[in-house]
Amino acid sequence: MQRLRGADARFLYNEMPTQPMHTIKVLVLDPSTSRHGYTFERLRDYLVERVARVEPLRRRLVPVPLSLFHPLWANDGFVNPRRQIQCLQAAGPGGLRELCEIVSRVASRPLDRTRPLWEILALTDRSLLSAYAGFMEEEVKTYLQVWPKEGVVELMQLLSELTVFIPSRCLIGLEFRRHLSPDFARIIYRDLAGSLNPLAILLPGLPLPSLRRRDRARREVAAFIAQIVTDRRRRGAVDKDFLHILMTARYADGTSLSDEHITNNLIALIFSGLHTTAAQGAWTGVELLRHPAYLRRVLREQDEILGNGRAITLEAVDAMVVLERAVREAERLHPVPVLLRKVLRDFQYRDYTVPAGWLAIASPGASHLLPELFTDPHRYDPDRFAPERAEQRRARFSIISFGGGKHVCTGMTFAYLEIKVIWSVLLREFELRLLDARVRPSQSSFWIAPRSPCRVAFRRRKRAG
Ligand code: HEM
């Protein structure tokens, strides 16, 4: 026990219900370069470990009977730092205004004197992701509704179509999605994405038929988005999608985004993630169907979390850890082929000097199979990511299919959510069997997808009752 100094005790005596004496600090964190994205649980675990090393943060206040003297500080092991670190949800759209409202609410509430006199509140806006989880489930269910009781599907085609519909709904919105018939989606997908090759990237203005088709498709999509933006502005509509975020976003100088910037951002965002998500989603399925023992565990988990036909929520998706490990193992075994960086300054690697101006290429396919990082690296073993093994923590950037550093994939959280929702719905609604046991990878410069034939036989599950 330690007695509070008079100067410190004065803050307690001066405190009124309407005039708290604590101070408050606000920290805005950018989680975009965090390798596995942000989760409150990870942040709390990290903070708890740090707090344990700072003795004053483990003290609590003990009043002296009849207030005969200043209160005492006790460090008697009764403090549980986890209780001091809480998560708050911000209201949408999660901008500066919502942050200020929460900060002023917290600042005007005195601290609870029966606990340590500090607290950390992590503020997250997951309202958009929550909405996305619902939209995603709806899209997959609508897509599957027209499937017969049983049949055969080409897996990559299934994933390619779903990964056009889902981001169109979540990012551009319902108006765009309603106009996106399967045929229109196929044409857009083929024409816009068909030009994703090294030649088109190095010489985007070449007069090739594929690039003319790309430009026409882009013009069509841009005109459609511009029409939606105009219509929403006229109606003053507030929608839960990324288009709304862009329409209400401001640059640092307070100006809003032009319609052209909004369209460019949306097209870039959608097409950055189409093939990669389809490929990783398809590999997740191929590997699961090849490994029935692990698949059974995934099904059991689905049953535990969403038994009795409960609707998917973001919290339910978060809880699907067995499925998540399967997605991650697919990411490890079937990553994007290359990551590119332009070398800005000469640097030394062992006996080599890499000069500025060169292109540096990293190969996730090679680094994901390093035996010093991953035990028995060629084996399908999603449990390597379970907390007790956590092989991905053996080195920074051990898994780099989403890139790393400043330019790490912006859509990683979205892609994981999307793939988990797709497989959650598929596995619960259908019994699936992989017909082509020897699925080979297709080789492309930017992604590696399962090559056709990669057929899956499906049969609708009988509903209980
Ligand atoms: C499994 C799915 C995906 C994979 C494997 C993937 C992979 C990648 C990779 C390797 C990069 C380059 C990172 C680097 O150079 O360090 C990247 C960048 C990017 N990705 Fe993804 N991605 C996926 C899904 C998505 C989705 C769904 C979106 C959008 C909703 C998206 C949006 C972006 C954007 C905007 C960038 C550029 C980031 C920057 O340069 O700052 N990605 N992605």
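Counting starts at 1 for both ligands and their atoms, in listed order. Residue indices begin at 1 and follow the sequence shown.
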| With distance as the sole criterion, is a donor-acceptor pair present between the side chains of R214 and S210 under 3.5 Å? | no
| said: So if I count the atoms of ligand 1 from 1 in the order they appear, which ones are less than 4.0 Å from some heavy atom of L339? | reply: 10 (C)
| request: Give the contacting part of H407 toward ligand 1: side chain, backbone, both or neither, where contact means a heavy-atom distance below 4.0 Å. | output: both
| field | Any N or O of V336 closer than 3.5 Å to N or O of ligand 1 | value | no
| query | atom 30 (C) of ligand 1: which protein heavy atom is closest, and how many Å away? | reply | L269 O, 3.8 Å
| message | Can you report which non-hydrogen protein atom sits closest to atom 16 (O) of ligand 1, along with the distance? | response | R341 NH2, 2.5 Å
| query | Applying the side chain to side chain contact (heavy atoms under 4.5 Å, CB included) test to V153, which of V456, L435, L432, L159 qualifies? | reply | V456
| message | Tell me the protein heavy atom at minimum distance from atom 5 (C) of ligand 1, and give that distance in Å. | response | S401 O, 3.6 Å
| request: Fit a plane to each ring of W283 and H334, take the angle between them on a 0 to 90° scale, and name the class: parallel (under 30°), tilted (30 to 60°) or perpendicular (over 60°). | output: parallel
| remark: Of all heavy-atom pairs linking P167 and L162, the shortest is CD-O, 4.1 Å
| remark: Report for atom 21 (Fe) of ligand 1, protein N, O or S closer than 2.8 Å, by chain and number, lists C409 SG
| query | How close do L417 and M136 get, heavy atom to heavy atom, and via which atoms? | reply | CG-SD, 3.7 Å
| task | Keeping the roles fixed (side chain from R394, backbone from L373), state whether a donor-acceptor pair exists under 3.5 Å. | result | yes
| said: Classify the ring geometry of W147 against Y143: parallel below 30°, tilted from 30° to 60°, perpendicular beyond 60°. | reply: perpendicular
Listed pairs under 3.5 Å, donor-acceptor, residues 224-232 side chains, sequence neighbours left out:
| from | atom 1 | to | atom 2 | distance (Å) |
| --- | --- | --- | --- | --- |
| T230 | OG1 | A226 | O | 2.7 |
| D231 | OD1 | R234 | NH2 | 2.4 |
| D231 | OD2 | R235 | NE | 3.1 |
| D231 | OD2 | R235 | NH2 | 3.4 |
| R232 | NE | E175 | OE2 | 2.8 |
| R232 | NH1 | D241 | OD1 | 3.1 |
| R232 | NH1 | D241 | OD2 | 3.4 |
| R232 | NH2 | E175 | OE1 | 2.8 |
| R232 | NH2 | D241 | OD2 | 2.8 |

| request: Please report which non-hydrogen protein atom sits nearest to atom 27 (C) of ligand 1, along with the residue it belongs to and the distance in Å to one decimal place. | output: T277 OG1, 3.6 Å
| Backbone N or O of G281 within a donor-acceptor pair of the W423 side chain at under 3.5 Å? | yes
| query | When you measure from atom 1 (C) of ligand 1 to every protein heavy atom, which one gives the shortest distance, and what is it? | reply | Q280 OE1, 3.1 Å
| message | As an exercise, state the distance from CG of N265 to CD1 of I262, rounded to the nearest 0.5 Å. | response | 8.5 Å
| query | What atoms in ligand 1 come closer than 4.0 Å to a heavy atom of G404? | reply | 16 (O)
